[in-house]
Amino acid sequence: MKTLGIDIGSTTAKLVLRDGDRVLYEKYERHFSQVRQKTLDMLAQMPDVRENETLAVAISGSAGLGLAQSAGLAFVQEVFATGEAVKRLAPDTTAVIELGGEDAKIIFFEGGTDERMNGSCAGGTGAFIDQMATLLNVTVDEMDRLSLSHQRIYPIASRCGVFAKTDVQPLLNQGARKEDIAASIFQAVVNQTIAGLARGRKITGKVLFLGGPLYYCKGLQQRFQETLQLSDENAIFPEDGRFAVALGASLYAEKNQTTVVFSELCEAIRASLSQAPVVSRLAPLFETQEEYDTFAARHAKATVKETDPAHYAGNATLGIDCGSTTTKLVLLSEQNEILYSYYASNLGNPVAVVKEQLEHIYALCGDRIQITGSAVTGYGEELIRAAFGVDLGVVETIAHYTAAKFFRPDVDFILDIGGQDIKCFRIRGGAIDSIMLNEACSSGCGSFVETFARSMGYGIAEFAQRGLFAKAPVDLGSRCTVFMNSSVKQSQKDGATVEDISAGL
C-alpha cells in the first residue's frame with residue numbers, strides 16, 4: 001500500500017508519497033494562508049494514484065491539526081514525525097536542528113531524547129529571514145547569494161524582528177556592504193537558535209539540519225557549520241531535509257495503517273473548504289463619536305501652551321530625546337510655553353538629525369532668544385551630549401517623571417511606549433519605586449505599528465486614525481511581531497479591512 005504524508009506548516013505545505021522505501025512524489029509550496037485549498041491543489045497534481053486507491057495517510061505540522069480534525073484524518077505531532085524521519089534518514093544522529101516558517105526546534109537524541117522548541121517568539125525562523133530580506137529590498141534567494149560573498153560579520157539582534165531592524169537600518173545608512181549584512185542576519189539566526197533553544201547544552205556529534213530555510217539558504221548552512229565547528233561528515237544537510245516532517249507522517253501512517261480512499265480524502269478536504277474560518281474579533285475602540293470626543297477632551301487637558309518664537313524675546317531651555325527610532329526636540333520659554341518642537345524618525349543617524357534641527361532653532365532664535373540650558377535623554381544620550389556639548393544628560397525615567405509631575409503632581413504610575421521599548425514605573429513617596437520594561441520582544445511598540453502601516457501603504461497617523469471607529473477589530477494576539485504578521489495576512493484573506501487590522505493592532 002502506498003503511504004502519503006502531509007506536513008502543513010505556518011507558511012508552507014509539503015507532500016511525500018511513498019511506495020515501500022521508494023519515494024514516488026514530493027511537493028513543497030508556500031500556502032499563503034490558503035491551507036486547505038493549497039493542500040487540495042497539491043493532491044490534484046499528484047501522479048501515480050488512482051481515484052479508488054486506498055492509501056495510508058497522516059497529517060502533521062502546526063497548521064495541519066485543524067484540517068485533520070475537519071477532514072477526519074489521522075494527525076501526528078511534528079516532533080514525533082521528525083523523530084520517525086531521523087530514524088530513516090540518519091539513525092546515528094545525535095541532534096537535530098529544524099527551522100520552519102515560524103518555529104524552530106532542537107532535538108537531542110544522545111543521553112535520552114530532549115526536545116526544545118520556540119514558544120512565544122519567532123525570531124530566528126523563516127519568517128524572520130523573510131522580514132530581513134524585505135528590509136534589504138532583496139529576495140531571500142538574493143540575500144543568500146549575497147551572504148556567500150561576505151567579508152565581516154556585524155552583531156545583529158536575533159530575538160526580535162523590530163530589534164534586528166533597528167540594528168540593520170543604521171548599517172545600511174552608513175554604507176555597510178549588503179553581503180556583510182546578509183551574512184550577519186544569518187549569523188543572528190544561528191545565535192538565536194543556539195542561545196534560545198540549546199540554552200547551554202553543547203551541540204556535538206552528528207547534527208542533522210532540517211526545514212526549508214536550512215535547505216534553501218546555503219549561507220545559513222555555512223554560518224551554522226562554522227559556528228558549531230562541525231566537520232563536513234558531522235554537519236548533515238539532507239536533500240530531503242525540507243520534507244522530513246511529511247516523510248515522518250507517511251512513516252507513521254504506514255505503521256498505524258491509517259487508511260483512506262484517495263477520492264474520499266480529496267472530497268473530505270474539499271468539504272472542509274466551506275467551513276467558515278473562525279476569526280476572533282474584539283470590541284470597537286470607540287462605539288460612538290461622542291465616546292471618542294470625551295476621550296480626546298480628557299487627554300487634551302495635559303497639553304502645554306505653544307507660543308510663536310517670532311513674538312518672544314528672552315531666555316529658553318532646550319530638551320532633546322534621542323530614542324531608538326525617533327528624535328524629539330522641544331524649546332521652552334521661561335513661562336514653560338513651547339516655542340518649537342520636532343518629532344521624526346532618526347533614520348539610523350540621530351547626529352545628522354539633531355545638527356539640522358539645532359541650525360533651524362538658532363535661525364528661529366536670532367538675537368532675541370538666548371538658550372540658557374540644555375538636556376538630553378534617551379538611547380543616544382551620551383552620543384548627542386558629546387557631539388553637541390549639551391549641558392545635562394538625564395536618565396529617561398527621571399525625564400518621564402519630571403514631565404508627568406508637571407501635569408499631575410500626584411502621579412503614581414507611568415506607562416511609556418517608544419519605538420522599540422515599553423516601560424512602566426510605579427511612583428511611591430515622590431520617588432520611582434519600581435521599573436518594568438520589555439527585554440526580548442518589541443511587539444506593541446511604535447516601530448512595530450509603523451512597519452505594518454507602511455506595508456499597507458499608509459503613514460502611521462492615517463493608519464491609526466482609520467482604526468478609531470472600526471466595528472470589528474481583529475484579535476491578532478500580542479506577543480511576537482512575526483506571529484502577528486502571519487495573523488494579519490490570515491485576517492486579510494478572511495476579509496478583514498484595513499480599519500479592522502489597525503484597531504486590532
Flag if over 12 foreign heavy atoms under 6.0 Å of CG, Asn137: no

Any donor-acceptor pair under 3.5 Å from Asp500 side chain to Val474 backbone: no

Backbone of Val76 reached by a side-chain donor or acceptor of Ser60 within 3.5 Å: yes

No-hydrogen, no-angle side-chain donor-acceptor test under 3.5 Å, Asn191 and Gln187: yes

Residues Phe75, Leu67; criterion side-chain contact (heavy atoms from CB on, under 4.5 Å); working and verdict: CA-CA 9 Å; Phe75 178 81; Leu67 175 57; over 6 Å; no

Gln257 atom CD: more than 12 heavy-atom contacts under 6.0 Å: yes

Gln229, CD: over 12 other non-hydrogen atoms inside 6.0 angstrom: no

Smallest separation among heavy atoms of Ala157 and Ala164, with atom names: O-CB, 3.2 Å

N/O donor-acceptor pair under 3.5 Å between Asp180 side chain and Arg152 backbone: yes

Any Lys27 side-chain heavy atom under 4.5 Å of Tyr25 side chain: yes

Residue pair Leu214 / Ile97: nearest heavy atoms and the distance that separates them: CD1-O, 3.7 Å

Contact check, side chains of Leu136 and Leu146, non-hydrogen atoms, under 4.5 Å: no

Minimum heavy-atom distance Gly467-Ala503, with the two atoms named: O-CB, 3.3 Å

Side-chain donor or acceptor of Asp7 paired with backbone N/O of Lys14 under 3.5 Å: no

Side-chain donor/acceptor of Thr125 to backbone N/O of Gly101, under 3.5 Å: yes

Test item: Thr39 side-chain N/O and Val35 main-chain N/O as donor-acceptor pair under 3.5 Å: yes

Non-hydrogen side-chain atoms of Val86 and Phe109 separated by less than 4.5 Å: yes

Intermediate values then yes/no, side-chain contact (heavy atoms from CB on, under 4.5 Å), Lys105 and Val96: CA-CA 8 Å; Lys105 292 189 285 291; Val96 168; over 6 Å; no

Parallel, tilted or perpendicular, as decided by the 30° and 60° cut-offs, for the rings of His400 and Phe425: tilted

Gln221-Tyr215 side chain donor-acceptor pair, cut-off 3.5 Å: no

Under 3.5 Å donor-acceptor, Thr94 side chain and Lys206 backbone: yes

Ala183 versus Ile153, closest heavy-atom pair with distance: CB-CD1, 3.7 Å

Any donor-acceptor pair under 3.5 Å from Asp416 side chain to Lys423 backbone: no

Parallel, tilted or perpendicular: ring planes of Phe463 versus Tyr458, cut at 30 and 60 degrees: tilted

Ring-face cation contact, Tyr28 with Arg242, 6.0 Å cut, 45° max: yes

Heavy-atom closest pair, residues Asp114 and Arg201: OD2-NH1, 3.2 Å

Distance-only polar pair, side chains of Arg18 and Ser250, donor-acceptor under 3.5 Å: yes

Where Arg116 and Ala198 come nearest, the two heavy atoms and their spacing: NH1-O, 2.5 Å

Centroid-centroid under 6.0 Å between Phe224 and Phe237 rings: no

Over 12 foreign heavy atoms within 6.0 Å of CD, Glu462: yes

Asp130 with Arg30: basic N within carboxylate O range, under 4.0 Å: yes

